[in-house]
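Below: one structure, written as structure tokens.
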Amino acid sequence: MTADETGLRELRLSVREFLEAKSPEEAVRKLMESEPRFDPAVWAQAADQLRLPGLVIPEEYGGDGFGLVELGVVLEEMGRALLCAPFFATVVLAAQALLASGDREACARHLPGIAAGGTTAALAVAEDSGSWDPALISARAVPDGDGGWKLTGRKSFVIDGTTADLVLVVARTVAGPSLFAVEREAPGLAAEPMETLDATRAMARLTFDAVSATLVGSDGAAGRTMAKVLDIASVALAAEQSGGARRCLETSTEHARTRHQFGRPIGAFQAVKHKCADMLVQVELAEAASREAARLADEGSAEFPVAAAVAHACCSRAYMFAAMENIQVHGGIGFTWEHPAHLYFRRAKSSQLLFGGPAVYHERLLDRLGI
């Protein structure tokens, strides 16, 4: 299912109005210092009023069956508002991992709850190194003799890992990297919040001590599954980054129009004009790259993996540039804790590093190009 341009505009307007009411700067600042780091009431409203958790989940599992184009619109708005919610972890990472696994039984068990907003989920891949490469994973899973598995190891940088009802874990078996489902209350699972640069995106360290787990998909197939998930997640993250970058541009140009120095708006000075113009170019490129990648994904194009890698690189660069220039345009106040510029800078940096950082995503682009 794909919405037309009018439908996309209405979706954007609805999400923006909701986020302006539920995720203003004061709410973001309050949540980033609380635990859990999201408002369950707002999450429930996003599910009940806008059906956001079920947006891209197939209709057979209780969702609305839309594609990455619609998801991109929602994530642009969430990135613009710095929404503190388990949307990215649950809908982008965990739900897409279930779908990519091809395990219909697991999808039927978990996706309806996710689509309804009653189940939050997390995907645990990276370990202490921060790498999302399944080949570098050391967490282990062994058969328990009763048809299940026992999982042992540690995962780091797990988005919303302390609050997720369901944790999908990539662990190594004799057959290779495999995907497992673990319930939040499973004995032997310990979760602790991690203190990171970006307090608006909650991350956790999970420790598994012979935790009971259920295999999702085929044993040893997580390498292929994660390749699909990373392509989709990269485009989703790119949309969120372009939304944040657009907000940095908006606040910079607004400040340049209203802040006066020497009897004239600072936007009249050539240096400030150049900064804003350079930001506009980067933001437009980022939006074009992320939206084109989403379109190719929904069309099932063979060019999608390359477009996903391009979007990830382009939007990571654009968001970092816009966030830094936003601080510069605001001058002294832009460096203060009271001003929101640093919140966007922190999100830009954490997003840039989320799936391994520039060296890794440039390498992924070369790999997708066959070089």
Side-chain angles (χ1 to χ4, degrees), residues 1-5 7-9 11-12 15 52 55-58 64-80 87-89 91-97 99-100 123 132 159 224-247 249 280-322 347-348 350-371:
M1 186 187 298
T2 301
D4 58 18
E5 287 300 319
L8 292 176
R9 283 196 300 271
L11 174 62
R12 184 182 299 280
V15 175
L52 295 183
L55 184 72
V56 292
I57 292 176
D64 291 330
F66 285 101
L68 285 196
V69 170
E70 292 78 13
L71 179 64
V73 169
V74 172
L75 283 167
E76 283 182 20
E77 294 304 314
M78 290 182 173
R80 184 178 183 274
F87 186 87
F88 193 88
V91 178
V92 176
L93 295 177
Q96 293 304 317
L99 290 168
L123 179 60
W132 281 65
I159 302 175
R224 294 189 299 274
T225 298
M226 285 310 303
K228 296 178 184 176
V229 172
L230 269 177
D231 284 344
I232 294 171
S234 295
V235 175
L237 180 64
E240 186 187 87
Q241 289 170 313
S242 66
R246 172 65 71 175
R247 184 58 181 156
L249 172 62
L280 175 62
V281 170
Q282 291 289 329
V283 170
E284 294 281 354
L285 284 172
E287 290 176 344
S290 67
R291 292 171 184 176
E292 176 67 5
R295 183 186 66 80
L296 291 173
D298 289 351
E299 293 178 354
S301 172
E303 298 175 2
F304 169 61
V306 172
V310 169
H312 190 187
C314 181
C315 295
S316 294
R317 181 183 66 244
Y319 197 4
M320 277 303 303
F321 180 82
R347 174 62 73 87
S350 72
S351 297
Q352 182 191 46
L353 301 175
L354 184 57
F355 297 135
V360 171
Y361 59 64
H362 286 136
E363 190 70 30
R364 190 177 296 129
L365 172 57
L366 293 174
D367 176 69
R368 298 296 192 267
L369 288 168
I371 298 176

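We're numbering straight along the sequence, starting at 1.
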Approximate separation, where rounding is to 0.5 Å, of L93 CG and L354 CG: 7.5 Å

As a quick check of understanding, evaluate side chain to side chain contact (heavy atoms under 4.5 Å, CB included) for V92 and L71, giving each step before the final call. CA-CA 9 Å; V92 176; L71 179 64; 4.2 Å; yes

Looking at CG of L285 and CG of L280, how far apart are the two atoms once the value is rounded to the nearest 0.5 Å? 9.5 Å

For the student: nearest non-hydrogen atoms of S290 and V235, plus distance: O-CG1, 3.9 Å

Sub-4.5 Å side-chain heavy-atom contact between V281 and F321: no

Write down the atom of P358, the atom of L353, and the distance for their closest heavy-atom approach. CD-CD2, 4.3 Å

Distance from L237 atom CG to I232 atom CD1, nearest 0.5 Å? 13.5 Å

When every non-hydrogen atom of Q96 is compared with those of V56, the smallest separation belongs to NE2-CG2, 3.8 Å

Tell me every residue that passes side chain to side chain donor-acceptor pair (under 3.5 Å) with E303, counting only those two or more places apart in sequence or in another chain. none

With side chains defined as the heavy atoms from C-beta onward, is the minimum distance between V15 and R80 less than 4.5 Å? no

If you look at every heavy atom in F87 and L52, which pair is closest and at what distance? CE1-O, 3.4 Å

State, with a plain yes or no, whether a side-chain heavy atom of F66 is found less than 4.5 Å away from one of L11. no

Could you pull out all residues at least two apart from R224 that satisfy side chain to side chain donor-acceptor pair (under 3.5 Å)? none

For a side chain to side chain contact (heavy atoms under 4.5 Å, CB included) check, start with the C-alpha distance between R347 and Y319, then their side-chain angles and the critical distance, and finish with the verdict. CA-CA 9 Å; R347 174 62 73 87; Y319 197 4; 3.7 Å; yes

Among Q241, Q352, H362, find the residue that satisfies the side chain to side chain donor-acceptor pair (under 3.5 Å) test when tested with S316. Q241

Assign the ring pair Y361 / H312 to parallel, tilted or perpendicular, where the plane angle (0 to 90°) is split at 30° and 60°. tilted

How long is the gap from OG on S242 to CG on L249, to the nearest 0.5 Å? 12.0 Å

At their closest point, which heavy atom of E70 faces which heavy atom of L8, and how far apart are they? CG-CD2, 3.9 Å

If you round to the nearest 0.5 Å, how far is CZ of R246 from CD of E287? 4.0 Å

dist L68:CG -> E299:CD (nearest 0.5 Å) comes out at 11.5 Å

Return the minimal non-hydrogen interatomic distance between S234 and R364, and the atom names on each side. OG-NH1, 4.3 Å

Decide side chain to side chain contact (heavy atoms under 4.5 Å, CB included) for F88 and M78; before the verdict, give the C-alpha distance in whole Å, the side-chain angles of both, and the deciding distance to 0.1 Å. CA-CA 10 Å; F88 193 88; M78 290 182 173; over 6 Å; no

Working for side chain to side chain contact (heavy atoms under 4.5 Å, CB included), residues V306 and L296: CA-CA 10 Å; V306 172; L296 291 173; over 6 Å; no

